[in-house]
Amino acid sequence: MIIFNSLTRQKEELVPGEDGKVGIYVCGPTVYGYIHVGNARPFVFFQVLARYLRDQGYDVTVVENITDVDDKIIDRAREEGRAPEKVSRFYSEAYIQDTGRLGLGRPDIEPRATEHIGEIIALCQKLIELDMAYETGGSVYYRVQRFPGYGKLSGQKTDQMKHLEPPREGEAKENPLDFAVWKAAKRGEPVWDSPWGPGRPGWHIECTAMSLKYLGESFDIHGGGRDLIFPHHENEVAQAEAVTGGEFVRYWMHNGMITRKEEKMSKSVGNIFLLREFLKHYDPRVLILFFAATHYRNPLEFSTTNLEEAQAQLDRLRNCYWKMHSVIEETEIVPDGEGAPSGEYLKDAIVRADKEFHAEMQDDANTAGALAALFGLVKAINEYTEEASVAGKADAELLGEARDLLTRFLRIIGIELTMADFVETGLEAELLELVEAREKARDERDYAEADAARDRIREAGYEIRDTPQGPRLVKRK
RNA sequence: GGCGACGUGGCCGAGUGGCUAGGCAGAGGUCUGCAAAACCUCGUACAGCGGUUCGAUUCCGCUCGUCGCCUCCA
């Protein structure tokens with residue numbers, strides 16, 4: 001597989017450190033509020049990447065942290081008049097709930113910063129021993145000038161950086177570029193004991209501590225939003241490599257921002273759309289298709305029309321499955337294909353789609369291209385089911401093969417179509433009576449009556465579709 | 001000021017030195033009492049200006065425009 005590495009700014013062949021195994025660390029949220037749609041992009045993308053790698057036979061470990069101690073949380077707690085611990089607990093639960101509804105499962109490990117204070121302190125100590133950090137006033141700062149590689153990830157040069165900001169109150173940094181790895185406690189803040197007195201971790205250090213702990217001193221992929229490259233990831237590199245002396249991460253992957261009216265979705269801009277709000281209005285799979293339609297590194301405009309397109313794609317998929325299901329149920333399934341439409345084009349489409357889908361995914365996880373391959377298969381399946389429906393016969397083996405491939409593609413992309421999507425179960429007798437009434441009216445050419453019945457079925461949440469085998473009901477979206 | 005990304009047909013959005021992306025919307029058609037769904041047909045687009053080349057949307061340069069990072073941010 002080829003991956004675009006932010007560090008080298010090139011596409012590179014993915015060569016895992018350990019054969020057949022891939023370790024991925026993703027920067028998860030700082031839990032000081034409900035997550036928004038933008039926050040969901042890395043969660044979704046890296047789950048999808050992991051699915052693809054697993055499909056390719058890799059043993060993948062995804063570690064996605066929850067940062068549950070931070071300035072923002074403390075600010076938020078003050079605003080809400082609650083204890084910071086309560087705030088972080090509340091929003092981390094909300095995060096797990098919201099992302100859980102996406103149906104992508106969980107990362108393998110979801111470590112929390114507050115559960116790794118020991119590791120964090122040990123890291124700080126080590127940095128001090130190496131003279132890469134210094135203690136002052138109960139805080140510990142990283143000595144940026146001492147790390148020669150500083151800026152290699154973000155392409156920033158320390159002498160070019162704007163650091164106009166005057167040092168904040170109580171800060172006694174040697175150099176404005178230095179950043180806190182440990183912060184001396186202030187009143188009302190969560191505290192832990194440390195060799196430098198009571199305090200709490202700085203931002204950045206928790207990710208270094210947890211990634212090193214769960215994935216080792218040098219691991220394969222580190223991901224997150226583009227906006228984390230500087231300073232967050234740059235500082236992670238500085239911390240980790242100072243301590244280990246080796247290469248921290250081999251491949252850095254950064255997803256583009258979600259925008260609204262072409263502007264980044266972020267809390268400071270005030271244009272966020274909460275994930276839980278989104279899920280009130282849309283099927284979670286709409287979000288997944290919406291994300292997949294654009295390459296992960298590109299910005300993605302969160303707009304109604306884009307979402308409607310994703311919705312339309314989901315509907316197209318549902319219809320495709322529905323049609324396959326109907327054919328399997330209602331036409332004569334011929335095991336050896338005897339007498340059924342031969343579907344040469346479907347055989348071709350299966351081969352082509354299989355090739356193209358993987359070629360696209362292999363190329364820096366190009367889900368947009370992969371979707372195109374997938375829809376090529378959908379089209380061929382639709383053509384075949386149409387033909388089979390008319391002929392009343394279908395080649396079971398062929399159709400099964402097509403369905404399995406489509407299902408496999410969708411599972412990689414992060415979508416599962418369940419029976420509930422296209423099968424009518426437990427229909428009320430009343431509804432079936434309406435269908436019969438409509439049929440009777442149609443026989444009698446009383447179309448006004450027939451249409452009235454259809455309207456009532458529609459109101460009940462079902463759509464009627466006449467097929468060569470008679471009327472069928474489909475759940476409305 | 002520094003670093004970086006992007007500009008594709010009505011819209012969204014891949015991609016490529018010469019060969020059909022795909023989806024949505026639209027037009028016409030097939031099927032249907034009408035629908036719905038599906039299928040078929042239809043659009044020759046790559047910001048502008050130069051350059052390299054037999055040939056550039058694709059490579060190089062410049063211009064214009066949009067965006068991101070350099071401060072919290074997925």
Side-chain angles (χ1 to χ4, degrees), chain A residues 6 9 26-30 32 35-46 70-72 75 151 154-165 203 223-232 234 254-259 262-269 272 289-290 293-295 297-301 303 305-313 315-316 318-320 322-323 326 356 360 363 366-376 378-387 389-390 441-443 445-448 450-451 454-455 458 463-468 471-472 474 476:
Chain A
S6 308
R9 275 159 232 180
V26 185
C27 278
T30 299
Y32 64 100
I35 67 158
H36 61 251
V37 172
N39 297 315
R41 174 126 94 150
F43 180 89
V44 171
F45 174 69
F46 289 101
D70 177 81
D71 293 0
K72 290 256 170 193
D75 292 346
S154 60
Q156 305 283 331
K157 294 186 185 113
T158 49
D159 53 358
Q160 303 274 58
M161 286 181 188
K162 268 193 186 177
H163 33 78
L164 309 169
E165 228 186 311
W203 186 42
R226 225 181 170 65
D227 54 354
L228 291 182
I229 293 176
F230 191 90
H232 187 58
E234 192 70 64
H254 291 100
N255 62 272
M257 299 294 100
I258 304 288
T259 60
E262 310 226 311
E263 199 178 9
K264 177 183 168 185
M265 183 185 287
S266 79
K267 288 179 194 168
S268 41
V269 179
I272 59 168
L289 281 169
F290 167 67
T294 301
H295 185 95
R297 279 189 280 124
N298 290 353
L300 209 195
E301 174 73 10
S303 67
T305 46
N306 285 169
L307 292 174
E308 278 167 5
E309 272 198 28
Q311 177 71 62
Q313 291 195 331
D315 294 340
R316 190 167 167 77
R318 283 167 34 132
N319 284 325
C320 179
W322 175 79
K323 211 103 210 261
S326 307
E356 285 174 10
E360 296 289 358
D363 182 11
N366 188 351
T367 51
L371 271 189
L374 186 154
F375 277 106
V378 167
K379 190 172 203 149
I381 291 174
N382 283 336
E383 201 178 332
Y384 187 77
T385 48
E386 182 77 14
E387 214 183 323
S389 176
V390 171
R442 290 177 74 204
D443 283 343
R445 298 183 174 243
D446 183 355
Y447 295 122
D451 289 349
R454 184 170 61 201
D455 287 345
R458 205 178 162 74
E463 193 173 81
I464 202 152
R465 291 182 187 170
D466 293 323
T467 74
R472 299 286 316 255
V474 186
R476 291 178 65 208

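The sequence lines fix the lettering, A, B, ..., with proteins before strands; numbering per chain opens at 1. Fair warning: this is a prediction, and the values are worked out from it, not measured in the lab.
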Could you check which of [options] has an atom nearest any side-chain atom of [X]?
X: A/T294; options: B/A14, B/G68, B/C34; answer: B/A14
X: A/E262; options: B/C67, B/A74, B/C40; answer: B/C67
X: A/R316; options: B/C39, B/G33, B/C69; answer: B/C39

### Query
Looking at A/N255, A/L300, A/N366, which hits side chain to side chain contact (heavy atoms under 4.5 Å, CB included) with A/H295?
A/N366
### Query
Can a salt bridge be assigned to the pair A/R454 and A/D451 using a cut-off of 4.0 Å between side-chain N and carboxylate O?
yes
Just call it for [X]: base, sugar-phosphate, or nothing, with non-hydrogen atoms closer than 4.0 Å on any strand.
X: A/I464; result: base
X: A/S389; result: nothing
X: A/G376; result: nothing
X: A/G38; result: base
X: A/L228; result: sugar-phosphate
X: A/E263; result: sugar-phosphate
X: A/K267; result: nothing
X: A/I258; result: base
X: A/H232; result: nothing
X: A/R445; result: nothing
X: A/Y447; result: base

Euclidean distance, atom [atom1] of residue [X] to atom [atom2] of [N] [Å, nearest integer]:
X: A/F375; N: B/A38; atom1: CZ; atom2: C1'; value: 14 Å
X: A/N306; N: B/G22; atom1: CG; atom2: P; value: 19 Å
X: A/E386; N: B/U30; atom1: CD; atom2: P; value: 15 Å
X: A/Q156; N: B/G1; atom1: CD; atom2: P; value: 16 Å
X: A/R297; N: B/C67; atom1: CZ; atom2: P; value: 21 Å
X: A/F230; N: B/A5; atom1: CZ; atom2: P; value: 18 Å
X: A/R41; N: B/G68; atom1: CZ; atom2: C1'; value: 13 Å
X: A/E301; N: B/G7; atom1: CD; atom2: P; value: 15 Å

Sticking with atom [atom1], work out how far [N] lies from [M], rounded to a whole angstrom.
N: B/A47; M: B/A56; atom1: P; answer: 15 Å
N: B/G7; M: B/U41; atom1: P; answer: 30 Å
N: B/C34; M: B/U44; atom1: P; answer: 33 Å
N: B/A35; M: B/G48; atom1: C1'; answer: 49 Å
N: B/G51; M: B/U66; atom1: P; answer: 28 Å
N: B/A27; M: B/C19; atom1: P; answer: 31 Å
N: B/U8; M: B/G15; atom1: C1'; answer: 10 Å
N: B/G13; M: B/C46; atom1: C1'; answer: 13 Å

Minimum heavy-atom separation for [X] to [Y], with atom names?
X: A/R41; Y: A/G256; result: NH2-O, 3.0 Å
X: A/T367; Y: A/T294; result: OG1-O, 3.9 Å
X: A/V37; Y: A/I258; result: O-CG1, 4.3 Å

### Nearest-0.5 Å distance, SG of residue A/C320 to CD1 of residue A/I381
4.5 Å
### Query
In Å, rounded to the nearest 0.5 Å, how long is the span from CZ of A/R226 to CE of A/M257?
7.5 Å
Please confirm whether the shortest side-chain N or O distance from [X] to OP1 or OP2 of [N] is below 4.0 Å.
X: A/K323; N: B/C39; value: no
X: A/K379; N: B/C40; value: yes
X: A/N298; N: B/G68; value: no
X: A/N319; N: B/A38; value: yes
X: A/N382; N: B/A38; value: no

### Heavy-atom check, side chain of A/H254 versus side chain of A/R297, under 4.5 Å
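Contact flag for A/H254/A/R297 side chains = no.
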With a 3.5 Å limit on both atom pairs, tell me what [N] is paired to, counting Watson-Crick and G-U wobble, or say none.
N: B/A25; result: none
N: B/G61; result: B/C49
N: B/A37; result: none
N: B/U71; result: none
N: B/U20; result: none
N: B/U66; result: B/A5

Determine whether any donor atom in the side chain of [X] lies under 3.5 Å from an acceptor atom in the base of [N], or the reverse, and answer yes or no.
X: A/E309; N: B/G23; result: yes
X: A/D466; N: B/C34; result: yes
X: A/R226; N: B/C69; result: no

### Message
Can a side-chain donor-acceptor contact be found between A/D315 and A/Q311 if the only test is distance below 3.5 angstrom?
### Response
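On atom types as modelled, these side chains qualify, holding a pair under 3.5 Å.
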### Residue whose nearest RNA chain B nucleotide is more 5′ - A/R454 or A/A40
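The residue whose closest nucleotide sits nearer the 5' end is A/R454.
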## Note on the structure
Per nearest nucleotide of RNA chain B, the residue lying toward the 5' end, A/Y32 or A/C320, is A/C320
